[in-house]
Amino acid sequence: MAPLNMEKKWAFPLAISSLLCIFLLATSFNMGLVSSLHTINSIFSIFPSRVSINQTNPVFVEAKVSNSPPPPPGPLIPRFAYLVSGSKGDLDKLWRTLRVLYHPLNQYVVHLDLESSADERLELASRITNDPIFAKIGNVHMITKANMVTYRGPTMVANTLHACAILLKKSKEWDWFINLSASDYPLVTQDDILYTFSSLNKNLNFIEHTSRLGWKEGQRAKPLIIDPGLYMSTKSDIFWVTQRRELPTEFKLFTGSAWMILSRSFVEYCIWGWDNLPRTLLMYYTNFVSSPEGYFQTVICNEPEFAKTAVNHDMHYIAWDMPPKQHPHTLTINDTNKMIGSSAPFARKFRHDDPVLDKIDKELLGRMNGSFTPGGWCSGNPPCSKVGNPNRLKPGPGARRLARLIARTVFSSIFTQNQCK
């Protein structure tokens with residue numbers, strides 16, 4: 001019995017040692033992701049109810065325990081650049097999503113496509129112009145010359161790149177780009193997401209990707225299509241060309257989700273591209289079914305500089321209908337627990353003014369009566385009627401959930417080497 005007891009005593013230390021060895025090996029593959037995980041620990045261990053982040057008072061645990069010199073001066077709170085897009089009949093949905101997402105530090109581009117009526121687009125422009133907070137901060141921009149957008153065609157990619165270019169021109173201070181539709185809705189406050197991302201490597205890209213095309217190889221990659229949205233002023237679906245093509249040999253195709261969080265450095269590469277790959281792939285995806293689900297994935301995974309920064313998650317909760325999972329299930333109150341359990345910062349898709357949105361406002365966002373989402377920046381009576389200190393954050397339970405999700409997805413990318421394969 002003695003040898004057996006001795007084996008049991010050594011089993012646990014041996015297992016721990018093995019895990020540490022695996023972790024050290026994994027760090028050699030991607031130090032950027034590991035450094036992000038290291039800073040995520042600060043969110044778990046220090047989580048005040050009210051946080052003011054500035055250059056002289058960092059909220060990093062590492063700054064308190066490390067002997068390394070402090071980082072160079074710079075804004076510790078990240079900035080996000082949002083595209084919120086909609087189509088015919090989406091005016092009120094888009095307006096609600098925009099207000100619930102609003103924070104003075106961020107930049108926003110909104111777009112109602114050419115299928116929407118001129119009256120809808122004029123009304124949206126009027127609301128933006130006449131909103132006192134939007135007018136004061138000046139960080140909400142509308143694409144007034146509307147684009148024609150066909151969801152399954154390259155026009156959606158073109159519209160996303162158009163918004164990225166506008167956001168790059170409007171501000172030099174944002175760090176990540178997020179694309180959403182009017183049917184999306186946040187599950188955490190902007191203070192939660194700003195606080196959580198303040199501890200991350202700003203080169204990370206959250207983009208669902210896989211090279212396992214499966215049925216998409218025959219039904220998406222090989223057919224040739226034409227998107228009438230490229231040359232027509234009225235909306236119609238894509239149509240197929242008789243001729244088919246083989247898979248490319250010059251680059252590898254990837255597919256994934258149309259929704260993503262992209263780093264500024266990667267967005268600049270796509271827009272300003274010092275390499276020709278983004279333009280080559282844009283031409284290739286002109287004849288590709290469901291371009292939004294492949295263009296950015298293929299660009300990022302074929303460029304080694306960015307492939308190592310890709311975290312395989314779109315930061316959305318989406319309940320798909322039956323296979324082949326082409327259409328998301330419309331979320332209701334019955335999905336509330338699953339949405340919260342996902343820890344995702346965003347979910348889709350929702351009907352306009354569905355009761356589940358009011359439940360999210362009340363229980364997750366603390367938002368009442370159609371106001372802005374409360375945060376450290378809010379002041380005035382009623383709440384959020386005036387802009388207080390934009391650098392003051394009030395993270396809530398959503399930040400902890402989001403930090404756990406990011407930690408899981410980054411660990412998965414490290415240990416499974418699930419990065420662009």
Side-chain angles (χ1 to χ4, degrees), residues 78-88 90-91 93-95 97-103 105-116 120-121 124-125 127-128 134 137-186 190 193 205-207 227 229-230 235 256-273 278-279 281-282 285-286 290-297 299-300 314-316 346 348:
R79 272 76 166 165
F80 290 92
Y82 283 94
L83 164 64
V84 186
S85 56
S87 188
K88 181 180 179 180
D90 286 341
L91 170 62
K93 281 203 303 184
L94 187 150
W95 183 250
T97 300
L98 172 63
R99 287 179 66 83
V100 78
L101 285 170
Y102 186 76
H103 192 284
L105 294 181
N106 296 333
Q107 294 289 322
Y108 300 85
V109 162
V110 294
H111 177 252
L112 284 175
D113 70 22
L114 203 54
E115 188 183 25
S116 62
E120 285 182 298
R121 296 196 298 274
L124 177 60
R127 291 184 188 184
I128 293 171
F134 291 172
I137 303 300
N139 60 343
V140 179
H141 319 284
M142 179 178 173
I143 298 178
T144 53
K145 189 176 182 180
N147 299 313
M148 180 58 70
V149 177
T150 308
Y151 175 75
R152 295 193 297 168
T155 44
M156 186 173 177
V157 174
N159 187 63
T160 303
L161 292 172
H162 183 195
C164 288
I166 292 173
L167 288 162
L168 288 172
K169 181 179 180 180
K170 291 293 183 180
S171 175
K172 297 180 180 180
E173 296 184 350
W174 58 266
D175 305 292
W176 278 283
F177 167 79
I178 302 176
N179 66 324
L180 300 173
S181 79
S183 298
D184 292 337
Y185 213 70
Q190 285 303 292
I193 192 171
N205 293 276
F206 295 86
I207 180 169
D227 184 355
L230 291 170
K235 192 168 187 176
S257 171
W259 315 106
M260 60 204 76
I261 300 179
L262 303 178
S263 67
R264 184 186 180 99
S265 58
F266 179 64
V267 171
E268 289 176 343
Y269 174 70
C270 291
I271 300 297
W272 297 337
R279 284 171 286 273
L281 291 177
L282 188 60
Y285 274 93
T286 301
S290 288
S291 299
E293 299 173 4
Y295 172 73
F296 291 101
Q297 287 83 354
V299 173
I300 200 169
D314 64 1
M315 293 292 120
H316 267 69
F346 307 102
R348 77 180 318 268

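We're numbering straight along the sequence, starting at 1.
Closest approach of Pro78 and Trp176 over heavy atoms only: CB-CZ3, 3.8 Å. Between Leu112 and Glu120, the shortest heavy-atom contact is CD1-O, 3.9 Å. Across Gly86 and Leu94, no two heavy atoms sit closer than the pair N-CD1, 3.8 Å.
Side-chain contact between Ser181 and Trp259: present, with at least one pair of heavy atoms (C-beta onward) separated by less than 4.5 Å. The shortest side-chain heavy-atom distance between Glu268 and Leu168 falls under the 4.5 Å cut-off. Here the side chains of Val267 and Trp174 are in contact, with some heavy-atom distance below 4.5 Å. The shortest side-chain heavy-atom distance between Leu101 and Ile178 does not fall under the 4.5 Å cut-off. Counting heavy atoms from C-beta on, the side chains of Pro186 and Val100 come closer than 4.5 Å. Residues Met148 and Thr155 are not in side-chain contact: their nearest non-hydrogen atoms beyond the backbone lie 4.5 Å or more apart. Residues Lys172 and Arg264 meet the side-chain proximity criterion, which asks for heavy atoms closer than 4.5 Å. Here the side chains of Tyr108 and His103 are in contact, with some heavy-atom distance below 4.5 Å.
Of the N and O atoms on the side chains of Asp227 and Thr150, at least one donor lies less than 3.5 Å from an acceptor on the other residue. There is no side-chain donor-acceptor pair under 3.5 Å between Ser171 and Arg79.
Put simply, the side chain of His316 never gets that close to the backbone of Arg348: no donor and acceptor are under 3.5 Å apart. The closest donor-acceptor contact from the side chain of Asp113 to the backbone of Ser87 lies at 3.5 Å or more, if one exists at all. No donor-acceptor distance shorter than 3.5 angstrom exists from the side chain of Asp184 to the backbone of Val84, with no hydrogens or angles considered. Not one N or O on the side chain of Tyr285 forms a donor-acceptor pair closer than 3.5 Å with the backbone of Val157. Checked by atom type and distance alone, the side chain of Asn179 pairs as donor or acceptor with a backbone atom of Ala258 at under 3.5 Å. Between the side chain of Glu173 and the backbone N or O of Leu105 there is no donor-acceptor pair closer than 3.5 Å.
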- Message: side chain to side chain contact (heavy atoms under 4.5 Å, CB included) for Cys270 and Val299? Distances and angles first, verdict last.
- Response: CA-CA 8 Å; Cys270 291; Val299 173; 4.2 Å; yes
- Task: Would you check, one step at a time, whether the test side chain to side chain contact (heavy atoms under 4.5 Å, CB included) holds for Glu293 with Met156?
- Result: CA-CA 10 Å; Glu293 299 173 4; Met156 186 173 177; over 6 Å; no
- Might you work through the side chain to side chain contact (heavy atoms under 4.5 Å, CB included) test for Val109 and Lys170, ending with a clear yes or no? CA-CA 10 Å; Val109 162; Lys170 291 293 183 180; 5.9 Å; no
- Message: Pair Thr160, Phe296 - check side chain to side chain contact (heavy atoms under 4.5 Å, CB included), show working.
- Response: CA-CA 10 Å; Thr160 303; Phe296 291 101; 3.9 Å; yes
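Taking CG from Asn106 and CG from Leu167, the interatomic distance works out to 10.5 Å, rounded to the nearest 0.5 Å. One finds the NE2 atom of His162 at 10.0 Å from the CD1 atom of Ile271 (value rounded to the nearest 0.5 Å). If you take CD1 on Ile166 and CD1 on Ile143, they are separated by 4.0 Å, rounding to the nearest 0.5 Å. Atom CD1 of Ile128 is separated from atom CG of Leu124 by 4.0 Å, given to the nearest 0.5 angstrom. The line from OH of Tyr269 to OG of Ser263 is 12.5 Å long, rounded to the nearest 0.5 Å. Note that CG of Asp175 is 7.5 Å distant from CZ of Phe80, once rounded to the nearest 0.5 Å.
Less than 6.0 angstrom separates the ring centroid of Phe134 from the ring centroid of Tyr102.
The aromatic rings of Tyr82 and Phe346 stand perpendicular to each other, their planes meeting at an angle above 60°, with 30° marking the opposite boundary.
Within a 6.0 Å radius of NZ in Lys235, other residues, nucleotides and ligands contribute more than 12 heavy atoms.
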